[in-house]
K.L.:
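Here it is, the structure in full.
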Amino acid sequence: MKHFLKETDFGVRELAEVFARARTFKRERGRSGAQPLAGQSWAMIFSKSSTRTRVSFEVGIHELGGRPLFLNKNDIQLGRGETIEDSARVLSRFIHGLIVRTYAHADVERLAAAGSVPVINALTDFLHPCQIYSDAFTAAERWAAPGGDLVAALKGRKIAFLGDTGFNMANSWILGASHFGMKISLGGPKGFEPGPEIRALLKSEGRTEEFQFTTDPYEAVAGADLVYTDVWTSMGQEAEAAKRLALLKPYAITAKLFAAAKPDALFMHCLPAHPGEEVEQAVLDNPRSVIFDEAENRLHVQKAILSLLAGGK
Ligand code: CP
Ligand code: NVA
């Protein structure tokens, strides 16, 4: 059973297929097209808040002819202690696929292992692969020649990731950069270095590509084609908000810091943003900020991922 729990669950050929299908879905949206999820129901179990992921998946499943079933974890017996394994086995008798947003990455792996339908990771504390594929597609749209090879357009490009360099978005970009053939430089304070889990995953996949970590934000952005940041207090970290705000302040994307990247560098943020914290409003408003294209592309890229996992053309 094929799942999409991490960036590298799709090989390079499948990645190219996802991008090609996303480009077609984007171009042909609204015209009657293929409905690879016709007759299917996909459940979405969410334990955390969501705007983009929830809406893009619900709309995407609908547009592919399927039916989304949104299940807040606390509304189902999983929230009252039914095991992950039994939940996966039961749901697999009804549905055709499962989309999960939760805390522990291991919980998504357990659902995938126990069930008999494809599982998509819609964000864990460890990784957010749907976001990274959409981000990479968004950058490739800008960097490729019209109609050109989207995957090839990423090769050799440098991303600078600033701020919380030890959590899901940074981890996912470390793995993603390696998968896409990009270079990555992370800028964050001491104590926020990429952790042992992501290092172990890179090693287990035999990835020798190195990532650079520096406490100097200007060193991180030097020569970058893409400057990226994320919130400083992720879902589940609310109790640490004040401490994080103080520690991460030097890594805010100011207009001055953004100007230290390449002159044509793009700015990205997975959103939601907190203007005045991790990024200045002027950077969010910069013509090279592509934050809303990233958000829109969640729809097209996830439709491509869904159609691939559903086995359709
Ligand atoms: N970027 C992202 O995943 O947004 P949501 O939390 O709104 O889904
Ligand atoms: N790091 C953030 C990403 C939100 C899309 C969080 O986990 O809350």
Side-chain angles (χ1 to χ4, degrees), residues 4-7 22 42 44-61 68 70-73 99-108 120-139 159 161-176 186-189 192-195 197-198 226 228-241 243-245 247-248 251-253 266-275 277-279 284 289-303 305-306:
F4 186 61
L5 308 188
K6 58 183 191 294
E7 286 72 4
W42 282 62
M44 302 168 57
I45 304 178
F46 278 45
S47 307
K48 293 176 174 175
S49 304
S50 173
T51 299
R52 281 143 288 269
T53 309
R54 175 177 177 174
V55 176
S56 57
F57 266 115
E58 290 205 39
V59 170
I61 291 165
F70 185 80
L71 305 171
N72 184 310
K73 187 195 170 193
I99 297 157
V100 187
R101 168 169 284 203
T102 192
Y103 295 88
H105 191 74
D107 289 354
V108 181
I120 297 177
N121 174 5
L123 179 145
T124 64
D125 288 351
F126 185 46
L127 296 172
H128 193 5
C130 294
Q131 179 73 51
I132 269 58
Y133 268 42
S134 305
D135 297 339
F137 178 80
T138 306
I159 173 170
F161 188 103
L162 279 93
D164 185 357
T165 45
F167 206 58
N168 49 15
M169 289 306 306
N171 289 338
S172 250
W173 257 114
I174 290 171
L175 186 60
L186 301 119
F192 284 72
E193 294 88 353
E197 296 88 354
I198 187 67
L226 174 57
Y228 203 107
T229 194
D230 180 20
V231 295
W232 287 344
T233 302
S234 286
M235 292 180 277
Q237 299 175 332
E238 290 74 11
E240 301 170 15
K243 191 182 95 189
R244 291 175 155 268
L245 199 66
L247 285 170
L248 292 165
Y251 303 92
I253 313 294
L266 301 175
F267 171 73
M268 286 194 185
H269 189 312
C270 55
L271 303 179
H274 297 86
E277 283 190 22
E278 74 275 4
V279 55
L284 291 165
S289 160
V290 293
I291 53 176
F292 297 113
D293 289 339
E294 287 175 84
E296 179 194 327
N297 285 334
R298 297 291 303 278
L299 172 69
H300 313 302
V301 170
Q302 287 161 194
K303 281 169 74 175
I305 292 169
L306 286 161

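Note that ligands are numbered from 1 as they come in the structure, with each ligand's atoms numbered from 1 the same way.
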K.L.:
Please identify each residue that fulfils side-chain hydrogen bond (donor to acceptor under 3.5 Å, both in side chains) with Lys243, with sequence neighbours left out.
P.N.:
none
K.L.:
So how far is it from Thr233 OG1 to Leu245 CG, rounded to the nearest 0.5 Å?
P.N.:
7.0 Å
K.L.:
Is NZ or CZ of Arg54 both nearer than 6.0 Å to the six-membered ring centre of Phe70 and within 45° of the ring axis?
P.N.:
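Satisfied, under 6.0 Å and within 45°.
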K.L.:
Is the backbone of Thr102 close enough, under 3.5 Å, to the side chain of Ser47 for a donor and an acceptor to pair up by distance?
P.N.:
no
K.L.:
For Glu240, check salt bridge (charged side-chain N to carboxylate O under 4.0 Å, His left out) against everything at least two apart and list the hits.
P.N.:
Arg244
K.L.:
What is the ring orientation for Tyr228 with Phe161, classed by angle as parallel under 30°, tilted 30 to 60°, or perpendicular over 60°?
P.N.:
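It falls in the parallel class, under 30°.
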K.L.:
Ligand 1: which residues have a non-hydrogen atom closer than 4.0 Å?
P.N.:
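Heavy-atom contacts below 4.0 Å: Ser50, Thr51, Arg52, Thr53, Arg101, His128, Gln131, Cys270, Leu271, Arg298.
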K.L.:
Between Glu294 and His269, is there a donor-acceptor pair closer than 3.5 Å when you use the side chain of the first and the backbone of the second?
P.N.:
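Answer holds: yes.
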K.L.:
Can you confirm whether Thr53 sits close enough to Arg298 that some side-chain heavy atom of one is under 4.5 Å from a side-chain heavy atom of the other?
P.N.:
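Side chain of Thr53 against side chain of Arg298, heavy atoms only: contact under 4.5 Å found.
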K.L.:
Are the aromatic rings of Tyr133 and Phe4 close, with centres under 6.0 Å apart?
P.N.:
yes
K.L.:
For a quick check: using heavy atoms under 4.0 Å, what are the residues in contact with ligand 2, sorted by chain and number?
P.N.:
Leu123, Phe167, Asn168, Asp230, Val231, Ser234, Met235, Leu271
